[in-house]
Amino acid sequence: MSGYNYEEDSPLANKSNIPEKSFLESLSDDGLLEYIAGLSQEQGEDHGEQYSRGDYFHDKQKRQEKQDREFRERYGNGSELFSGISIYVNGFTKPGRLQLHEMVVANGGKFVHFLSCKGRVSHIIASNLPLKKRVELASYKICRPEWIVDSIEEGKLLPWQDYALLSDQDEIQPKLPQTAIVSCKHPDFLKQFFSKSRLHHLSNWKSDLRAEFCERFLEKPLRIPGKSEVVTVFHIDFDCFFASVSAAANGFDIHAEPIVVCHGTKNSDIASCNYEARRYGIRNGMWVGTAVRMMPRGKKLVRLGYDFEQFELMSKRFYQILHDSQFELVLPISIDEAVCVTGYLTHSECELICRGIRENVSNVTNGCTVSIGCGGSLVLARLALKRSKPDGYQIVDCDGLDDVFWSHLKIEDLPGVGHSLACKISEYSYPPIGNLLELRQMAQDSLRRCVGEKMGNKIYLAVRGKDDEESCKMIYEPRQFFQRKSLSIDINWGIRFDTIYEIDEFIDRCTQYLIDKLRELDKKTSQLTLKIMKRSKDEAIEPPKYLGMGKCDPVARSTRLGVPTDEFGVIATEIKSTFRSLCCPPRELRGIAIQFNKLEKTASNQAKLPFVDAKIYQNLPSDVKSEIGRELNKRSINIRRTAPKRINSYQEQFIQELPTQIRGEVENEIHITNKVNKTKFDEIKEQVAKRQNEKVNAKSHFLGENTILLPIKFQNQTNFKKIIQLVMNWVDGTIRSQGPHEKDLRLFEKYLQRLSDTNRLPLVLRICKLISVKLELRSEFFSHCNGFQEWEKVLLQMILPKLNKNKHTFQTVRKLDIDFDT
DNA sequence: GTGGTGTGGTAGC
DNA sequence: ATCGCTACCACACCAC
């Protein structure tokens, strides 16, 4: 990357009587590019020293006027519509600059390429103007491009005032399409929310960078340093990334004014603030209102919006520089931050690298600065980075570290130590520990007692400049480290529902979002977690932050699917059923998170229900076999014979176990009756509890029928699991004989009906699935038995109709339906 | 001890 | 107004 530094290298420097900055600033983006391109051309022609700014414009202008004349002669229609008018186009417009140019010139107008020729411009055309520009150009006639288009169409010059791009009109106009408030009930909510969420972008960028790293690795295996090798680590990070980039994009000087990046004006998070703002005590994460109050009287705080595209662009250029810099490893930490590793380097070599990178990055990012910490370990590089900020670099040598270095670092500067741990540590002894120099005195044992085994070790090593084993993995097993292990979605803003059905729909959309990603990764999941945020009991219905979550109680529950899947129906119904088991009144819900926990690679030839061909299994080397057998068992994967001739050992063992199970649990027919009765009892108990809950909530809600969950409550997950177990044993115990007892069956059907009636189809589905699997497994040996046939009948005539009746709940046609309909 | 579940904390701006 | 995400580790606790 060779950035052109015009501040120093420009042949024009100090030659013009107008300050350099205002000249460059006065150029439009295109103008600037053209100007730079022009410069490099002219230089090649060996008269760069003599070529002045005035000359440049003169040439340029003459060339342009000639071009315009030619154009008008060739295409012009003799119209003098824009005679006497000269326009300048600022920024992106529709129609574009070129088209506007042609339109104006063909109709007798003048097109001005550079605004610096002030006075010659009669109108400025722009669709929108950055804040800074708006102030600068306040004295001009500024209007939208439609003025040109409409004037030509009408054949007469329309009043430009009707098309004025006034700041207040500007505020009213684009709001119109936006005022279509997209609430969480709207199908586009997710998209809209994510498009504006900084945290979503940060997370997404991070996983993209990690994925890219892994791809790069596949393409060209990198050399990973050996554990005994001496390495040099560079930790590189933008200074207040969002603030710097947004400031540059809007034409602000990052050093001149206090700047914050945020959405709103009051209870909106500050994503990033510059060092000027930090002088007044403003910090990232603070609310804007708080920050404004911290400003001295009369001093203004500049608020800038997010420009995610620009952030991405700057990051791309940043990473490009790193990739071009001959590091052995470029490890992505986040959109604006990376750790680069090389072998041993001398102090002066490190210094060269730091300076080079800092200069290159500044050149390609409109002057954004990065700081660099350099050291012999990850933690040292990170601490050096903390010390180097802002706009600097620091190279540290573990042995040469003095007390000053440590005493200037706070506990929270340690990686992995946040607010919570920092409090714990500082309060652990008296007087409280305030910096790392003091922390170095703490014994390893007391550290471990204070913050736990692992973290204690980590911190003990960190303040001695060494990495712990876990952190090292980033360098020594980078592929493993950056490999994705889970996939999830979190929404804790804007969640305001009234009914469970709205939540169902929302869950469907979230699930679809995740499944799309899952399939992109070519993975399946076998474990789900649903985490919800529920308004804490005494909290206000509406928290201070607009549509925020306020103080909440988090609750999570996970489920195993047994089989890895990427099917929408299975996952969505599972989540919906899990949600019900968490007993959250729809109106109390403030946040939802869905996680896919156990990701497995999709095997193209994998059967829907997993089983291993016995032949393959038998042919395995005996030492491997037992290990695999255990593993299969653990995952409840069956070994299935394709030709039922010989009984293999696994199945033999399996059959032998059957009678024990039956005797142990289920031959007692009363058992299930008791169980169902107990369920009823639980139900009543929960209803009582809920009525009390309703009373509590009544103060803050109108108690409509749909306020609280449906009146019938369900046993919690544990109970359901137990019931499933019971049913399975019941099937096992009766399959070889006469089949289920009629009385039991009636109770069972009642239970299923209740599940079905109360929107708990997923549970019915699960029972159905399990019974069908069980029957399939046993078919080889028991299909002739009366009991087997009875159970098949139950499945086909009793359970399946319930599912099919409510097919719509499942959104997709279930594989099971097809299997058993035929 | 093993292995599972739910909770809590941290990281990036 | 406002956009409080998401991956991952470590731990406490439980059942066996």
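Note: hydrogens, waters and symmetry copies are ignored here, and every other heavy atom, side chains too, is used. The chains referred to below are lettered A, B, ... by the order of the sequence lines, with proteins before strands, and numbering in each begins at 1.
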Next on the checklist: Is there a side-chain contact between A:Ser558 and the phosphate of B:dG6, meaning an N or O under 4.0 Å from OP1 or OP2?
Outcome noted: yes
Next on the checklist: Applying a 4.0 Å non-hydrogen cut-off, can you work out what A:Thr265 is touching in the nucleic acid: base, sugar-phosphate, or nothing?
Outcome noted: sugar-phosphate
Checklist outcome for this item: note: A:Leu209, atom CG; C:dT6, atom P; distance rounded to Å ~ 16 Å
Next on the checklist: Using a 3.5 Å limit on both distances, find every run of at least three consecutive Watson-Crick or G-U pairs that involves DNA chain C.
Outcome noted: B:1-12 with C:5-16
Next on the checklist: Please confirm whether the shortest side-chain N or O distance from A:Lys458 to OP1 or OP2 of C:dA10 is below 4.0 Å.
Outcome noted: no
Checklist outcome for this item: Taken in chain and number order and not counting sequence neighbours, the residues that satisfy side chain to side chain contact (heavy atoms under 4.5 Å, CB included) with A:Asp269 are A:Arg198, A:Trp287, A:Lys545
Item to check | Pair A:Tyr513 + A:Phe194: ring centers closer than 6.0 Å | outcome: yes
Next on the checklist: I'd like to know if A:Glu469 and A:Lys473 make a salt bridge, using a cut-off of under 4.0 Å between side-chain N and carboxylate O.
Outcome noted: no
Please tabulate, one pair per line, each protein N/O and nucleotide N/O from nucleotides 14-16 of chain C that are separated by under 3.5 Å, including the distance.
none

Checklist entry - Quick one: ring pair (Phe, Tyr, Trp, His ring centres under 6.0 Å) pairs with a partner in residues 515-539 of chain A, sequence neighbours left out? => result none
Next on the checklist: Could you tell me if A:Asn457 and A:Glu453 have a donor-acceptor pair between their side chains, going purely by distance under 3.5 Å?
Outcome noted: no
Checklist entry - Given atom CD1 of A:Ile333 and atom P of B:dC13, what is their separation to the nearest angstrom? => result 11 Å
N/O to N/O distances under 3.5 Å, protein versus nucleotides 7-9 of chain C:
| residue | atom | partner | partner atom | Å |
| --- | --- | --- | --- | --- |
| C:dA7 | OP1 | A:Arg484 | NH1 | 3.0 |
| C:dA7 | OP1 | A:Ser488 | N | 3.4 |
| C:dA7 | OP2 | A:Ser488 | N | 2.8 |
| C:dA7 | OP2 | A:Ser488 | OG | 2.2 |
| C:dC8 | OP1 | A:Gln483 | O | 3.1 |
| C:dC8 | OP1 | A:Lys485 | N | 3.4 |
| C:dC8 | OP2 | A:Lys485 | N | 3.0 |
| C:dC8 | OP2 | A:Ser486 | N | 3.0 |
| C:dC8 | OP2 | A:Ser486 | OG | 3.4 |

Checklist entry - Under the side chain to side chain donor-acceptor pair (under 3.5 Å) test, which residues partner A:Thr525, sequence neighbours left out? => result none
